[in-house]
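Have a look at the structure below before the remarks.
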Amino acid sequence: MLYDQIQESLAYLRTQTDFQPDYGIILGTGLSNLTEHIEIETEIAYKNIPHFPVSTVATHKGKLVFGTFAGQNIVAMAGRFHYYEGYTMKQVTFPVRVMKALGIKQLFISNAAGSTNADIQAGDLVFVRDHINLQPENPLRGVNDERLGPRFPDMLDTYDIKLNKKALEIARTHNIRAHEGVYVGLQGPNLETPAEYEYLHRIGGDIVGMSTVPEVLVARHAGLPVFVVSVVSNQCYPIENIVETTIEDVIEVVEKAAPNMRFILQRIIYNG
Ligand code: HPA
C-alpha cells in the first residue's frame with residue numbers, strides 16, 4: 001500500500017539523517033545547480049531509498065539534498081521523475097509524499113517550459129497562478145487513502161498567489177523579467193506542433209511543460225501549499241517565431257536564467 005511504502009522510505013531516510021526540513025524544493029531541467037547554494041547536511045541517492053523510482057534522464061542527478069538554503073531547513077530533489085520516462089503517476093509523485101512525511105510545510109517547484117504567450121520570452125521567469133492538466137492518468141486515481149488526503153481535493157486555492165505577488169515585486173525591483181501565468185501540463189516527450197502551440201495559447205495557456213502538474217495535484221491532496229516557478233526555454237507564440245529546439249538548447253537557456261530563479265527563491269524562502 002502507498003501509505004506503507006511512504007513510511008518505509010521515511011524510516012530509511014531517518015536512519016540516514018534526523019535533519020528536519022521545513023520546505024521542499026523540486027529542481028527541474030537545467031536547474032539542479034541550485035544545490036551549489038545549499039549548505040548541505042546530507043545527500044541521499046534516489047537509488048538507495050526504498051520505493052523511489054530511479055531517474056533515467058542523464059541531465060538529472062537523482063538525489064535528495066538536505067541542508068540550509070536562504071537560512072531555512074530544506075530538502076531538495078536534484079532531479080525529478082517524468083511520466084514520459086515510463087513511470088506511473090504514482091511513481092512520479094512518490095517523492096512529494098515522502099517530503100510531506102518528512103514534515104515539510106510548503107513545496108517549491110521549478111521547471112523548464114515553452115511559452116505560448118507573445119509577451120513571455122525565452123529566459124523569462126513565470127510564477128504559475130493556475131494550471132490546465134492535459135496529462136493522461138492522475139496520481140490520485142484509485143482507492144483513496146484518507147490518511148494521505150481527501151477523495152476529491154478542491155483546486156481553487158492551489159497556487160500561493162500572495163507569494164507570486166511577492167516574487168513579482170522582487171523581480172521588478174531587481175530588473176528580472178518575470179510574469180504570472182497559466183501552466184499547461186502535457187505528457188511529452190515530443191515538443192508541440194505549431195497547431196498545438198496555437199491551441200494551447202487559445203485555451204488560456206501561457207507556458208507549457210511536461211512535469212509539475214502531477215506533483216501539484218499530490219501536494220494539494222496532501223494539504224501542502226505550492227509555489228511554482230517556470231523558467232522559459234523557448235518561445236512558441238506567435239507560431240511564426242517557433243524555432244527548432246533541442247534539449248541542449250533548453251538546458252543552455254535555462255542554466256543562464258537559473259541564477260535569477262535562485263535569487264527569487266532565496267528571497268521568498270528567507271522570509272519564510
Ligand atoms: N513544450 C513542452 N515542454 C517544454 C517545452 C515546450 O515547448 N519547452 C520546455 N519544456
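Only heavy atoms go into these numbers, but all of them, side chains included; no hydrogens, no water, no symmetry mates.
Thr17 and Glu41 are linked by a side-chain donor-acceptor pair at a separation below 3.5 angstrom, with hydrogens and angles left out of the test. Using a 3.5 Å distance cut-off with no hydrogens or angles, the side chains of His221 and Asn144 do pair a donor with an acceptor. Using a 3.5 Å distance cut-off with no hydrogens or angles, the side chains of Gln106 and Asp160 do pair a donor with an acceptor.
Hydrophobic clustering (ILVMFWY, side-chain heavy atoms < 4.5 Å, transitive): Ile40 and Ile74 are in one cluster. When the side chains of ILVMFWY residues are joined at heavy-atom separations under 4.5 Å, either directly or via intervening members, Ile269 and Ile170 end up in a single hydrophobic cluster.
Judged by distance alone, with hydrogens and angles left aside, the side-chain atoms of Tyr183 form a donor-acceptor pair with the main-chain N or O of Ser211 at under 3.5 Å. Of the possible polar contacts, one joining the Thr193 side chain to the Glu196 backbone as a donor-acceptor pair under 3.5 Å is found. A donor-acceptor pair under 3.5 Å links the side-chain atoms of Ser110 to the main chain of Ile26, judged by distance alone.
Taken to the nearest 0.5 Å, the CD atom of Gln20 stands 5.5 Å off from the CZ atom of Arg14. If you take CZ on Arg220 and CG on Leu107, they are separated by 13.0 Å, rounding to the nearest 0.5 Å. To the nearest 0.5 Å, atom CD1 of residue Ile264 and atom CZ of residue Phe127 are 4.5 Å apart. In this structure, the separation between CD1 on Ile239 and OG1 on Thr116 is 12.0 Å, given to the nearest 0.5 Å. Here the CD atom belonging to Glu180 is positioned 13.0 Å from the CG atom belonging to Leu125, to the nearest 0.5 angstrom. Going from atom CG of Leu102 over to atom CZ of Phe66 covers 5.0 Å, rounded to the nearest 0.5 Å.
Between Arg202 and Glu198, at least one side-chain nitrogen of the basic residue sits less than 4.0 Å from a carboxylate oxygen of the acidic one, meeting the salt-bridge criterion.
Atom CG of Asp18 has 12 or fewer neighbouring heavy atoms from other residues, nucleotides or ligands inside a 6.0 Å radius.
Shown are Asp124, Asp119, Asn117, Asn164; of these, the side-chain hydrogen bond (donor to acceptor under 3.5 Å, both in side chains) with His179 is made only by Asp124.
Contact check for Tyr197 versus Leu191: side-chain heavy atoms found under the 4.5 Å cut-off. Between Val243 and Asn234 there is no side-chain heavy-atom pair separated by less than 4.5 Å. The closest side-chain heavy-atom distance from Ile25 to Ile38 is not below 4.5 Å. Looking only at side-chain heavy atoms (C-beta outward), Asn111 and Arg80 come within less than 4.5 Å of each other.
Ring orientation note: the planes of Tyr46 and Phe52 are tilted relative to one another, at an angle of 30° to 60°.
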